[in-house]
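Since the structure comes first, as structure tokens, the remarks are kept for the end.
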Amino acid sequence: MTATAQKVASTPMAPYIGLMRGMSREDKQIVVTFLVEEMEEPQVRRQVPASFKKLRGMVNITDEEMAQDAHLAHIMQR
């Protein structure tokens with residue numbers, strides 16, 4: 001175990017060390033996935049200016065056009 005990993009004993013996770021050692025590899029992977037997702041920065045949606053919002057509905061873009069252009073689909077979902 002690395003020195004960094006051994007520091008877990010000085011965190012609030014310390015009581016769970018024994019439990020983690022008894023877990024299956026699959027269960028540990030589930031815990032790691034949860035921890036990684038918890039550490040992700042929340043995605044901040046940019047505000048669309050009111051001048052752009054009033055243009056909504058003025059363009060007719062088909063589902064087929066959006067299916068062909070991922071960037072266009074992303075823009076249209078805002």
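Checked against E65 for a side chain to side chain contact (heavy atoms under 4.5 Å, CB included), the options T62, D63, D69 give a single hit: T62.
Clustering of Ile, Leu, Val, Met, Phe, Trp and Tyr side chains at separations under 4.5 Å leaves I30 isolated, with no partner residue.
D27 meets the side-chain hydrogen bond (donor to acceptor under 3.5 Å, both in side chains) test with S24; sequence neighbours excluded. Remark: S51 engages P49 in a side chain to side chain contact (heavy atoms under 4.5 Å, CB included) (not counting sequence neighbours).
In terms of hydrophobic clustering, with Ile, Leu, Val, Met, Phe, Trp and Tyr side chains grouped at heavy-atom distances under 4.5 Å, M39 and V36 are assigned to different clusters.
At most 12 non-hydrogen atoms from other residues, nucleotides or ligands lie less than 6.0 angstrom from CD of E26.
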N/O donor to acceptor pairs below 3.5 angstrom from side-chain atoms of residues 10-23, sequence neighbours left out:
unit_1	atom_1	unit_2	atom_2	d
S10	OG	K7	O	2.8
T11	OG1	V8	O	2.7
T11	OG1	M13	N	3.1

